[in-house]
Amino acid sequence: MLSIKDLCVSVEGKEVLKGVNLEMAKGEVHAIMGKNGSGKTTLSYTLMGHPKYVVTKGEVLFEGKSILDLSADERAKLRMFLGFQYPVAIPGVTVAQFLRSAISSVRGSEVPSKDIRKLIKKEMLELDIPDSFMTRYLNDGFSGGEKKRLETLQMRLLAPKLMILDETDSGLDIDSMKKVAEGIQNTRSQDTSILLITHYQRLLDYVKPDFVHVFLDGKIAHSGTADLALRLEKDGYEWVRGL
Amino acid sequence: MVLVREEIEKSTQKLKLVQHLDKKDELYKNLSLDFASFISEDIKKREDIINLTAPTLEKGEDFSLLLSAKGFGGAKSHKGVHALALKVDESLEPIVFEQGYENDFFVDTAKAKWTNGLFFRSPKSEKTNGSLSIVLDGENEIIRNQIIFSESSQTNFLFTTKKPKKSKKTITYTEVILKKNAQVNFQFLQDLEIHSSAMNRFFFQIEEGASLQLTMLGSSGVGYQSRVLVSLEGENANFDFCSGIKGSKEEQHDYSVEVYHRAAKSNSSTKVFHVLADKAKANFQGLIQIEKNISNCEAHQKSRTLLLNKGAVVNAIPKLIIKNDVVACSHGASISKIDDNQMFYLMSRGLSQEMAEQLVIRAFLEPLLGRFQNSSYVGKILENWGLSSYYEGEDA
Ligand SMILES: Nc1ncnc2c1ncn2[C@@H]1O[C@H](COP(=O)(O)OP(=O)(O)OP(=O)(O)O)[C@@H](O)[C@H]1O
Ligand SMILES: [Mg+2]
C-alpha cells in the first residue's frame, strides 16, 4: 500500500526528516510514537503533499506508484487521507458546505449528490456529532475534541484506502475517545491501511496495531509489535537511543 | 389627469427642449412629463397597477410621477419604462435635500443631462413584504434616481442595473432620503460588461431614528468610480455599510465613502472588502466627520483586502475629522494573502487548487455576502468574479 524509502524532508530550510523507511501492506495498522518535535507531523504533511515540505531525497510509493509529484488534492483522490493534528479553521465556510464539496471532489459519481446529505447524516449519528456542527464555520471556535471528531467524520465520509491519523486521539474525553476509536476500528479492513500517530497507549487498546515504530530525530529509530507501545509508555523514549 | 397616448408622445418631443431651458420651474414641469413619456403600454396593462396619473408639481419638488400599484412585489422596469413610483397614495410633500454634492462633475452632469431614472416613494408606516426589486436598464448612459422612504416605513430595496450588451460608460446619481424612523435595507448591484465603466454617485440623507443598511456589490469593468455621501441628520440615525470589490487584470477602482454625523447619538459603520488579482488597483478613501457640537456618536470604519498576487495594489486612506470629544470612533485596514495552511487543508480533502482558492475568497467575503439572500443576481456577479461554484446550494 505505502512504501517510504530513505525520505529526507526540509521545511523552511531546515532538515527535519533524515531518511525515513517504512513499508505498509494492505490491511495493516502501524502506530508511530515519538518525542515532541521528532518529525511525525512533518512526515504526515509530506505524505499528503504540503507544498512547504520539500523532499530533498528519497521516494514515496502509494500502491506501487510514486506520488511525490502529485498535489494534495490528487493524493486525496487516490484515497489517501490525513487527519490533522491541528485542523485549520476557515471562518466563512460552513461545515456542511465544506463536507459536500469534499465528498463530491473525492468520491465523484460514487455518491450521487442527492445522497450526500443522507450519508453525512448517517455518519454524524454514528459518531454522535450534533446537527449544530453543520451550520458552523469550519473548525472555527470548535474545541480541541470537537475538531478531532470532525476529522474522524471526514475520514469516514471520504472512504480512504490509506489513513494517516496525526494525534486524532489527543484532546478527546473518555466517551469521545471511544467513539473516535470505534470510527477508526470500523474503517479498518483488509483493503485499508492505517498509520496512527499517537502519544498514548489508550487508542492502541481499541485499535490494535500490527506494528509500532519509534520516531527519533527525523527517522524511525526502532520498530516492534504492539508490545513496544506498552514498554514506551512505561520507560519513555531514551532507552531506544541506546539500541 | 390620466395620460393619453398623444400627450405621452408630445412630451417625448419636449424632452429635447427642456434640457436646455434654464428656467427651473419650466424644467421641472417638463421633466415630470418626460417621466410620463416613458410609461409603456405593457405597464399600463399590468394588473397590479391600478392608477396611472401625473400630478401637478408642488414647489420645491424636483420631479414626480405617481403610479399606484397593488402591493410592492416584483416591480421591475420594463423595456421602455424608465421611471416608476409605486403605491404613493398620500399627498406630496416637497422633497428637500439638506446637503449634497458640491463641485462634482458627474453629479452636475447627471442633474443636467439625465435621460433615465427612477422616482420612488414608499408610503408612510408601510412595511414591504419580501424585497422590492428595481432593475434599471444597463443600456442607459445617464441615470438619475430619487428615492424617498417615508416616515416609519420598512423596506427591503434591491436596486440593480442590468449588464449592458456592449461597452458603455454609465453615470448614475441617486438621491435617497430616509424620513424619521424609516428602516431600510438597501442593496445596490451593478453588473458591468467587461469593457464598461461606471461612475456612481449616491447621496443618503438619514433623518431622526431612521436606519439604513446599505450593501453594494459591483462586477468589474475597466473602470469603476464611486462616491457615497451620507448625511446623518437626526438623533439616533444609523448607517451600516458594507461593500465589495473584485479587481483583476489592470482594472482600477476608485471610490470613497464619506459619512457626516450632523446629529447627536448617530451611528455609522463602514466596511469595505477588496479582492485583488493580477495588477488590479483599488483606491479607497473613507471619511468620518463629526462636528464640535455633536456628541455621543459612534463611527467605525474598516477596510479589508485580500491580495491574490504580488502585482495587485490597494490604497486605503482613512480620514477622520472628529471635533467632538464624546465619541467612539475607530478605523482599521488589513491586507492579507491566501493562507497556505487553509489551502492545504482544503486540497487535502480533494478540492482542486482553483476550488480551494475560490472557497477561501468566498470565506473572506462572507460578512458581505451573508447580507444577501441568495439572489440569483448576486450569483451572476460572483460568477463574473470567478466565484460561482460555491454560491448555490447553501442550505444547511
Ligand atoms: N512549517 C515549519 N516551519 C518551521 N519549522 C517547522 C515547520 N514544521 C515543522 N518544523 C520543525 O520541524 C520539527 C518537527 O516538527 P513536527 O511538527 O513534525 O514534530 P512532531 O513529531 O509532530 O511533534 P509533536 O509530537 O509535538 O506533534 C520541529 O522542530 C518543528 O519546529
Ligand atoms: Mg505533531
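Side chains are part of it too, since the values below use all heavy atoms of this structure and drop only hydrogens, waters and symmetry mates. In what follows, every chain begins at residue 1, and chains take the letters A, B, ... in the order their sequences are listed.
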Student: Can you tell me if A:Lys18 has over 12 outside heavy atoms packed within less than 6.0 Å of its NZ?
Tutor: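 Counting other residues, nucleotides and ligands, NZ of A:Lys18 exceeds 12 neighbours.
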Student: Spell out the residues in residues 64-81 of chain A that have some non-hydrogen atom less than 4.5 Å away from a non-hydrogen atom of chain B, in order of number; otherwise answer 'none'.
Tutor: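 Answer by number: A:Ser71, A:Ala72, A:Asp73, A:Ala76, A:Lys77, A:Phe81.
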Student: Can you name the residues of residues 44-61 of chain A that have some heavy atom under 4.5 Å away from a heavy atom in chain B?
Tutor: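 Answer by number: A:Tyr45, A:Met48, A:Gly49, A:His50, A:Pro51, A:Lys52.
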Student: Scan for salt bridge (Lys or Arg N to Asp or Glu O under 4.0 Å) pairs involving residues 345-355 of chain B, sequence neighbours excluded, and state none if there are none.
Tutor: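 Output for this query lists A:Glu151-B:Arg349.
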Student: Kindly compute the distance separating CD (B:Glu366) from OG1 (A:Thr94), expressed to the nearest 0.5 Å.
Tutor: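 One gets 8.5 Å once the value is rounded to the nearest 0.5 Å.
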Student: Would you say A:Ser105 and B:Met347 make side-chain contact, with heavy atoms under 4.5 Å?
Tutor: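 A:Ser105 vs B:Met347: side chains apart.
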Student: Identify, with sequence neighbours excluded, every residue that meets side chain to side chain contact (heavy atoms under 4.5 Å, CB included) alongside B:Thr174.
Tutor: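 In terms of side chain to side chain contact (heavy atoms under 4.5 Å, CB included), with neighbours along the sequence ignored, B:Thr174 is linked to B:Asn145, B:Ile147, B:Phe159, B:Val176, B:Phe202.
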Student: I need the A:Phe98 CZ to B:Leu359 CG distance, nearest 0.5 Å.
Tutor: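 Output value for this atom pair is 8.5 Å.
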Student: Is it the side chain or the backbone of A:Asp131 that comes within 4.5 Å of chain B heavy atoms, both, or neither?
Tutor: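 When you check distances to chain B, no heavy atom of A:Asp131 falls under 4.5 Å.
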Student: Between A:Leu138 and chain B, with a heavy-atom cut-off of 4.5 Å, which part of the residue counts as in contact: side chain, backbone, both or neither?
Tutor: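 Side chain only.
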Student: Does A:Lys147 NZ have over 12 foreign heavy atoms under 6.0 Å away?
Tutor: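 Enclosed: over 12 neighbouring heavy atoms sit under 6.0 Å from NZ of A:Lys147.
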Student: Look up atom OG in A:Ser104 and atom CE in B:Met355, then write down how far apart they are to the nearest 0.5 Å.
Tutor: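 Interatomic distance, A:Ser104 OG to B:Met355 CE, rounded to 0.5 Å: 6.0 Å.
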Student: Between B:Ala363 and A:Pro91, what is the shortest heavy-atom contact and its length?
Tutor: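 Nearest pair, atom of B:Ala363 first, then A:Pro91: CB-O, 3.2 Å.
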Student: Does the side chain of B:Phe344 come within less than 4.5 Å of A:Leu82's, by heavy atoms?
Tutor: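 Answer yes - side chains close enough.
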Student: Heavy-atom distance under 4.5 Å to chain B: side chain of A:Pro87, backbone, both or neither?
Tutor: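 A:Pro87 touches chain B through backbone and side-chain heavy atoms alike.
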Student: Take A:Tyr86 and B:Asn341, measure what side-chain contact (heavy atoms from CB on, under 4.5 Å) needs, and give me the verdict at the end.
Tutor: CA-CA 10 Å; A:Tyr86 303 112; B:Asn341 289 321; over 6 Å; no
Student: Can you tell me if CD on B:Gln353 sees more than 12 non-hydrogen neighbours from other groups inside 6.0 Å?
Tutor: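 It does not: B:Gln353 CD has 12 such atoms or fewer within range.
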